[in-house]
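Taking it in order: structure first as structure tokens, then the write-up.
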Amino acid sequence: YFLTSRVTGYSIRNLPLTSKSSNRFSQKFLSATKNSEQFIRTDVVVIGGGHAGCEAAAAAARTGAQTVLLTQRLDSIGEMSCNPSIGGIGKGHLVREIDALDGIMGRVIDDSGIHFKMLNLKKGPAVRGPRAQADRDLYKLEMKILLQSYPNLRIVEGSAEDLIVDTSSDGKSIVQGLLTQSGMEIITNRVVITTGTFLRGTCFLGRTSYAAGRHMRETDELEPPSIGLALTLERLAFPMSRLKTGTPARLNGSTIDWDALEKQPGDTPPPPFSYLNIERGVKMQDKLIDCAKTYTTAATHKLVMDNQHQLPDYEGGDGAGVGPRYCPSLFKKVQRFPERDRHIIWLEPEGLSTDLVYPNGLSGPFPVDIQLQIIRSIPGLENCDIVKPAYDVEYDFVDPRSLKHTLEAKNVQGLYLAGQICGTTGYEEAAAQGIIAGANAGLAAVGLPAFTLNRDEAYIGVLIDDLVSRGTNEPYRMFTSRAEYRLSLRQDNADVRLTQRGFEAGLVGVQRQIYLQDRVSQIDRSMQVLKDFSMPRTDWAKKGEAFQMSLRDGKHRTALEVLSMPDITLNEIVSIVNEKGAELGDNDLTNFKVSSLVHETVEAVSKYSNYLTRQEDEMARWRKGSFAQLPANIVYSRDNFPSFSSEELEKLNKFRPETLHAASQIQ
């Protein structure tokens, strides 16, 4: 891959970043930046090259804003710090929505994924979720290639140390730029902070703790934490606390007894994430792999409980730490569910050119010797070796109730936050925040209106509304159950819901909008045929047991009405339409097809058309009552609101909700 720099007097456009040359590139880039540029002026700066930062930088650049992505290390852009996968239930919806807004995560996983699966396929369309496992190295490579394609996006290696903040005449703080550890000054009025686990990060292995934001994957190096920015946020009076997360040991795949394990093949054909790739398919479809499944044992659980005294003491949670409820450590699972005699462990190879295996479900920062005993108590892993030990990381986060729905800080104009700094967990949640924060930073920089999504429009809207209205006291993760209108917010129709909105806002490009128009046109044509085609009920009944129906509602039923029946598929209906067309000599019906580009959406809309109409009415009523704006200068006092309690007035003054809905969510 290639990165482009505009460093004065230093031409590196054609320097290939192979694994051998990347370190040389980093050193030359840093040297050139230090010696030749101590001052940069730009529209937007994004701090951090993780999943939130990459989406934020790309989104800001798409708005037309000149954007700088500032990262500690060029070779860690797009790093998958924990699991080598993207998507899942709820999370896959977020990735599809990011893609619908012309984001990059979906395209990157389509080009680097080596195992694809649509989860919950036996359930309804609303709760299905695409998931893919990536080749870690390919994911980083494809991410960097895609970022490099943005003409007004510049990547700079360096560590942010402090924000330059001015005070307006009315006493409000305003971003003016930032300083790096090397002394470089970047002048900008829009900064997006996406520090992930690096904000005053502390790593734990057994009873040992050390300052770091992450372990390097391919070496024994540690990536240093961001201390300066944590102090800056404290100085700016942001409410902050501590969360933790953990990553399991990496195993030597050549020491695993794969024949003793349950194989877990992916889907054939593999379902892509990006709408742009529905017809093309995924890039690595000829090199897909299988995963495997095993289980913990009673011996595993005894080792875990017998050695709990060797786990770390954290700052948060009265020493126990505050980790993700829905991705708990092995110790937490054994402790919470003592009645269970086993827990699933998924074994996921990390790439095509490595023996490393990620044991999903085995996180826990025990001392290395105890980790090895635990792993070898599991069937198929009796002779397994550890390549990298498991560890935990605890980090600062900002109470997201201090942010607007644009993810701009309420108390600092021009400062945006996204990702784990806002209290979430997961690549997808981070990327979803990144695209909104970056888009709004870019739109503000070029003088365009802000872009926000509501709960009835997108899972991204649910995510951000939950955070900024309710806050969180544990790492927040997305589930389909969090959305009130999930039947309308399916993963198959994210582009229909969001792409035009993004295009009108200045976030989505023309190519994507044209592609949407083609998809919508095909959906409309297919739906019209299904509405127009009808047969007597007796003729439908001849097609099989699933087509038996009541005679209550008349003699004829349309194809759309029949498709809404539970056990009938769109493919069956298309075949019947074709047969009838041939019988009638109607070429349009004989040749009727529903292309792969729209098949999933047409079937879902047909199945749930009546419910969708009802839900749209509910959504309209909800919109009418929820989004009444509250004046920015409203005074929450006893004189103005005599019926409010002192606690209610205190919280309203603290969080300054923007709408009646936001006020109703304050807890």
Side-chain angles (χ1 to χ4, degrees), residues 80-89 91-92 109 112-122 128-139 217 246-271 282 284-301 303-304 326-330 333-334 337 340-364 366 371-390 426-427:
M80 306 180 93
S81 302
C82 193
N83 59 311
S85 66
I86 297 292
I89 306 302
K91 289 172 173 282
I109 188 60
S112 60
I114 53 177
H115 183 277
F116 292 79
K117 201 168 189 66
M118 182 66 73
L119 305 183
N120 275 353
L121 198 56
K122 293 181 180 179
R128 293 173 188 166
R131 184 182 187 273
Q133 189 177 322
D135 180 306
R136 288 185 188 272
D137 291 330
L138 285 177
Y139 189 91
R217 178 161 54 92
T247 190
R250 304 305 193 265
L251 308 181
N252 184 341
S254 65
T255 63
I256 294 174
D257 183 2
W258 294 99
D259 292 336
L261 305 175
E262 298 180 42
K263 286 188 177 180
Q264 300 294 310
D267 290 345
T268 304
V282 303
M284 308 296 290
Q285 55 191 303
D286 297 329
K287 299 180 180 180
L288 302 179
I289 62 162
D290 290 341
C291 296
K293 179 170 67 173
T294 185
Y295 299 88
T296 59
T297 64
T300 311
H301 299 179
L303 281 165
V304 168
Y326 303 105
C327 185
S329 67
L330 181 58
K333 286 189 284 191
V334 174
F337 308 105
R340 295 190 184 179
D341 57 3
R342 66 179 190 173
H343 294 279
I344 293 178
I345 306 298
W346 303 96
L347 298 173
E348 303 172 340
E350 295 204 343
L352 300 175
S353 57
T354 179
D355 284 329
L356 287 180
V357 172
Y358 179 90
N360 196 333
L362 263 185
S363 67
F366 292 97
Q371 290 188 37
L372 187 60
Q373 291 179 49
I374 289 171
I375 287 167
R376 289 184 173 179
S377 70
I378 296 171
L381 307 182
E382 294 89 348
N383 299 304
C384 193
D385 291 333
I386 293 175
V387 179
K388 289 278 189 178
Y427 306 149

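Bear in mind that the values here come from a model prediction, so they are computed numbers and not experimental data.
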* Asked: Under the 3.5 angstrom rule, does the side chain of Y427 hit a backbone N or O of N83 as a donor-acceptor pair?
  -> yes
By salt bridge (charged side-chain N to carboxylate O under 4.0 Å, His left out), K333 pairs with (sequence neighbours left out) none
Closest non-hydrogen contact found for A390 with A249 is CB-N, 3.4 Å
Between the CD atom in Q371 and the CD1 atom in I375, the distance rounded to the nearest 0.5 Å is 6.0 Å
Before you tell me yes or no, could you show the steps for L261 and I256 under side chain to side chain contact (heavy atoms under 4.5 Å, CB included), namely the whole-Å CA-CA distance, both residues' side-chain angles and the distance that decides it to 0.1 Å?
CA-CA 9 Å; L261 305 175; I256 294 174; 3.7 Å; yes
Where the side chain of H115 meets the backbone of G266, is there a donor-acceptor pair that is under 3.5 Å apart? yes
d(S81 OG, R217 CZ) to nearest 0.5 Å is 9.5 Å
In short, L288 meets P270 closest at the heavy-atom pair CD1-CG, 3.7 Å
R131 with E348: basic N within carboxylate O range, under 4.0 Å:
yes
Q) How far apart are the C-alpha atoms of I289 and Q133, what are their side-chain angles, what is the distance that settles it, and do they pass the side chain to side chain contact (heavy atoms under 4.5 Å, CB included) test? A) CA-CA 9 Å; I289 62 162; Q133 189 177 322; 4.1 Å; yes
Separation between CG (L303) and CZ (F366), nearest 0.5 Å, reads 9.0 Å
Requested in this report: Please tell me if the side chains of T296 and R340 come closer than 4.5 Å, counting only heavy atoms from C-beta onward.
Outcome: no
Checking the side chain of T294 only, and the main-chain atoms of P379 only, is there a donor and an acceptor separated by less than 3.5 Å?
yes
dist I114:CD1 -> I109:CD1 (nearest 0.5 Å) comes out at 8.5 Å
CG (L356) and CG (D137) are apart, to the nearest 0.5 Å, by 9.5 Å
*Side-chain (N360) to main-chain (W346) donor-acceptor, under 3.5 angstrom*: no
Donor-acceptor check, side chain of Y358 to backbone of T247, threshold 3.5 angstrom: yes or no?
no
Closest non-hydrogen atoms of G380 and A260, given as atom of the first, atom of the second and distance, are CA-CB, 4.4 Å
Quick note, side chain to side chain donor-acceptor pair (under 3.5 Å) partners involving residues 255-266, not counting sequence neighbours, are none
Closest heavy-atom pair, V357 versus G253, reported as atoms and distance to 0.1 Å, is CG2-CA, 3.7 Å
Taken in chain and number order and not counting sequence neighbours, the residues that satisfy salt bridge (charged side-chain N to carboxylate O under 4.0 Å, His left out) with D385 are R376
Query raised in the report: Is there a side-chain contact between P248 and C82 (heavy atoms, below 4.5 Å)?
Result: yes
Subject >> pair T300-L330: side-chain heavy atoms closer than 4.5 Å >> reply: yes
* Please examine the side chains of M284 and L138, heavy atoms only from C-beta on, and report whether any two atoms are closer than 4.5 Å. => yes
Looking only at heavy atoms, the pair that brings C384 and L251 closest together is SG-CB, 3.7 Å
Nearest heavy-atom contact between G361 and I345 is O-CD1, 3.5 Å
CD (Q373) and CD1 (I378) are apart, to the nearest 0.5 Å, by 12.5 Å
Strictly distance-based, threshold 3.5 Å: is any side-chain N or O of T297 a donor or acceptor partner for the main-chain N or O of S377? yes
List the steps, then state whether side chain to side chain contact (heavy atoms under 4.5 Å, CB included) holds for L352 with K287.
CA-CA 8 Å; L352 300 175; K287 299 180 180 180; 4.1 Å; yes
Original post:
Run the side chain to side chain contact (heavy atoms under 4.5 Å, CB included) check on L381 and L347 step by step: do they pass?
Top reply: CA-CA 10 Å; L381 307 182; L347 298 173; 3.9 Å; yes
